[in-house]
J.: 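There's a structure below that I have some questions on.
Every chain is numbered from 1, with letters handed out A, B, ... down the list of sequences.
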Amino acid sequence: MSGSGHHRNGELQARVNALLALAEERGIVTRAQIDERIEALGSSVSPLNGALMVVRSWNDPAYRDRLLYDAGAAATELGIAGGGYSSDIHLHAVANTAEVHNVVVCTLCSCYPLAWLGPPPAWYKSEAYRSRVVRDPRGVLAEFGTVLPDDVEVRVWDASAEARYLVVPRPPEGVEQLSEDEQLDLVTRDCLIGVAVPRVPVH
Amino acid sequence: MNVGDRVRVRVMNPPGHNRAPSYVRGRCGVVVRSVGDGRFPDEAAAVGSDARQETIWTVAFAGTELWGPDAGPRDVVHVDLFETYLEGA
């Protein structure tokens, strides 16, 4: 798999270079503009943004209500705006409960709530994840170490248009004994995608 | 179209860009939410920002509707679909 992945990356890189050369030649974009965009992205997007929203929702029921009603506004409230590159994007938060577990995918490409989760992991963009999680979500989650009881409903969110999904995990048992900073450490990128659940480390 | 409506994704195979995943074409689900408006992608791929705006609906499909009896009985797949892709069912 890694061999063919490398080959495909090489093909993709060649295609990107060809497109970039054409776009430059026609005056659509400059290399400097692209570098600027990549830098802006790298310095502001991180899964810490999503974790901040989740931890606030654990500790403030009114914020939780606002987050589930309008996640974009709830993000702005914490100073985490989507940024200019995602002006068409509507953020939607979906909450795990005792009865429901949520998990996010983009089967058509790799749509991802970049501003709130940072750059996506390679597996999120893999054909294996994208094709299997809609067909056998429980099996895929189990491979990530997340085994769900049979009576829990699994909701898969296939982000095929302008919405981006953020999973709001349940606060784990014992979370109230932790500081907010310690709580933030529990809410990993994988928890925000829905393939993992936060756990309080046992000392 | 509104939340609670039962809908079917149109069976289609257009030659250009399209954002209705094949695995839901021809399948029935229930509208659970309006996402808002977005530029209709089939058109936007050709004309860019001049494409018409259209409502996007989140449709919930039972796993068994998509994959038959092999699907988990409590699996639900939500897909965001432009209104043009949908018809009443």
Side-chain angles (χ1 to χ4, degrees), chain A residues 28 68-73 86-111 113 127 130-142 147-167 194, chain B residues 3 9 14 16-25 27 29-45 48-86:
Chain A
I28 296 168
L68 299 181
Y69 178 72
D70 183 346
S86 56
S87 56
D88 289 343
I89 298 305
H90 309 273
L91 183 65
H92 186 50
V94 288
N96 291 346
T97 66
E99 293 84 30
V100 173
H101 182 90
N102 296 281
V103 60
V104 180
V105 66
C106 170
T107 60
L108 291 178
C109 44
S110 55
C111 297
E127 282 173 16
R130 287 157 48 210
S131 57
R132 286 186 58 218
V133 78
V134 285
R135 211 170 56 220
D136 179 20
R138 257 169 236 275
V140 171
L141 288 171
V147 178
L148 299 171
D150 286 347
D151 59 347
V152 168
E153 178 179 320
V154 181
R155 293 185 185 163
V156 182
W157 299 85
D158 185 356
S160 47
E162 265 75 348
R164 296 291 176 273
Y165 293 93
L166 174 86
V167 175
Chain B
V3 170
V9 183
H17 186 64
N18 178 274
R19 294 200 66 84
S22 319
Y23 74 92
V24 296
R25 293 182 194 169
R27 307 294 179 175
V30 175
V31 174
V32 294
R33 179 173 169 261
S34 159
V35 174
D37 286 351
R39 275 190 293 237
F40 186 55
D42 303 42
E43 225 175 273
S49 53
D50 290 336
R52 71 171 189 269
Q53 293 279 322
E54 195 176 291
T55 305
I56 303 161
W57 300 96
T58 303
V59 181
F61 300 89
T64 47
E65 166 73 7
L66 301 176
W67 316 112
D70 295 329
R74 297 189 62 73
D75 296 350
V76 182
V77 181
H78 293 78
V79 184
D80 294 330
L81 295 158
F82 284 81
E83 191 163 296
T84 295
Y85 300 153
L86 302 171

J.: Checking B/W67 against A/V134 for the side-chain contact (heavy atoms from CB on, under 4.5 Å) test, could you report, in this order, the C-alpha distance in whole Å, the side-chain angles of both residues, the deciding distance, and whether it holds?
T.: CA-CA 9 Å; B/W67 316 112; A/V134 285; 3.9 Å; yes

J.: With only heavy atoms counted, which part of A/T107 is less than 4.5 Å from chain B, the side chain, the backbone, both or neither?
T.: side chain

J.: Give, as side chain, backbone, both or neither, the part of B/P21 having an atom under 4.5 angstrom from any heavy atom of chain A.
T.: both

J.: Can you say whether B/Y23 sits under 4.5 Å from chain A via the side chain, the backbone, both, or neither, judging by heavy atoms?
T.: side chain

J.: Do you know which two heavy atoms are closest between B/T58 and A/Y165, and how far apart they sit?
T.: OG1-OH, 3.6 Å

J.: Which of the residues A/S160, A/A161, A/G139 is involved in the greatest number of heavy-atom pairs with chain B at under 4.5 angstrom?
T.: A/S160

J.: Indicate yes or no: at least one non-hydrogen side-chain atom of B/D75 is less than 4.5 angstrom from one of A/R138.
T.: yes

J.: Please state whether the side chain, the backbone, both or neither of A/V152 comes within less than 4.5 Å of a heavy atom of chain B.
T.: backbone

J.: When rounded to the nearest 0.5 angstrom, what distance separates CZ in B/R74 from NE2 in A/H101?
T.: 14.0 Å

J.: A/L108 and B/R19: side-chain contact (heavy atoms from CB on, under 4.5 Å), yes or no, with the steps?
T.: CA-CA 7 Å; A/L108 291 178; B/R19 294 200 66 84; 3.8 Å; yes

J.: Which heavy atom in B/I56 sits nearest to a heavy atom in A/E162, and how many Å separate them?
T.: CD1-OE1, 3.6 Å

J.: Is there side-chain contact between A/E153 and B/P73, with heavy atoms separated by less than 4.5 Å?
T.: no

